[in-house]
Amino acid sequence: MTEEKVDERDDIPEKKGFITWVKEHKTEILLTGVSVSTIIMTILGIKNKNVINALWESKKKEIEKGSLYSAKWFKNASLEELEKAKEIVRLDYVNPDLDLYYRNQCWNLLSRFDNAIGKLKWTEKEFGYPVYSSHDWHLPSDD
């Protein structure tokens, strides 16, 4: 037993020596790790340049238009896109097999679709009240 304890005591100074060496040279170790990872990333970037460019272009379009159903998407979407997406959301809303929480989110989205579609349809149109004398005696007659 005494021999085993002696062997364990011999390992302790080596461990302490290694730990102190790491503490003394931590900046060099860090720089080496960063530089090696930078070299590897550069090589991978050069080899996969076409894939990275394609990914960047797709993300660039998504950033410009906005992610689906975001405020930016509602602002930049065309009337046809809004009507197609509204129909998809409406079908999900009326589907009784879907979760009630999800259907509630669909209901909230439908009101956002109505607002966005209304803004696009009423752009540059004169707003007026429909006034007919047949509705009441005090309304002027513009028939």
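These values consider heavy atoms only, across backbone and side chains, with no hydrogens, waters or symmetry-generated copies.
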Atom pair CZ (Phe74) and NZ (Lys119), whose distance is rounded to the nearest 0.5 Å: 10.5 Å
Atom of Glu28, atom of Glu24 and distance for their closest heavy-atom approach: OE1-O, 4.1 Å
Gap between atom NZ of Lys47 and atom CD1 of Ile52 - 0.5 Å precision: 12.5 Å
Between Arg90 (side chain) and Cys106 (backbone), is there a donor-acceptor pair under 3.5 Å? no
Euclidean distance, Leu110 CG relative to Asp92 CG, rounded to 0.5 Å: 9.5 Å
Could you tell me whether a side-chain N or O of Asn95 sits under 3.5 Å from a main-chain N or O of Leu91, the two making a donor and an acceptor? no
Charged N to carboxylate O below 4.0 Å: is that the case for Lys121 and Glu83? yes
State, to 0.1 Å, how close Leu98 and Arg103 come at their nearest heavy-atom pair, and which atoms those are. O-CD, 3.6 Å
Between the main-chain N or O of Lys84 and the side-chain N or O of Glu87, is there a donor-acceptor pair closer than 3.5 Å? no
For the aromatic rings, using the six-membered ring if either is Trp, is the centroid distance between Tyr102 and Tyr93 under 6.0 Å? no
If you group Ile, Leu, Val, Met, Phe, Trp and Tyr by side-chain heavy-atom gaps below 4.5 Å, do Leu79 and Phe113 land in one group? yes
Say whether Ile40 and Ile46 are linked into one hydrophobic cluster, either directly or through other cluster members, by side-chain heavy-atom distances under 4.5 angstrom. no
dist Leu82:CG -> Asn115:CG (nearest 0.5 Å) comes out at 11.0 Å
If you round to the nearest 0.5 Å, how far is CG of Leu109 from CZ of Arg112? 6.0 Å
Distance from Lys49 atom NZ to Leu44 atom CG, nearest 0.5 Å? 15.5 Å
Is it the case that over 12 heavy atoms from other parts of the model lie below 6.0 angstrom from the NZ atom of Lys72? yes
Consider only side-chain heavy atoms of I, L, V, M, F, W and Y, link residues closer than 4.5 Å, and tell whether Leu68 and Trp107 are in one cluster. yes
Taking all heavy atoms of Leu120 and all of Ser78, pick out the closest pair and write down the distance. CD1-C, 4.1 Å
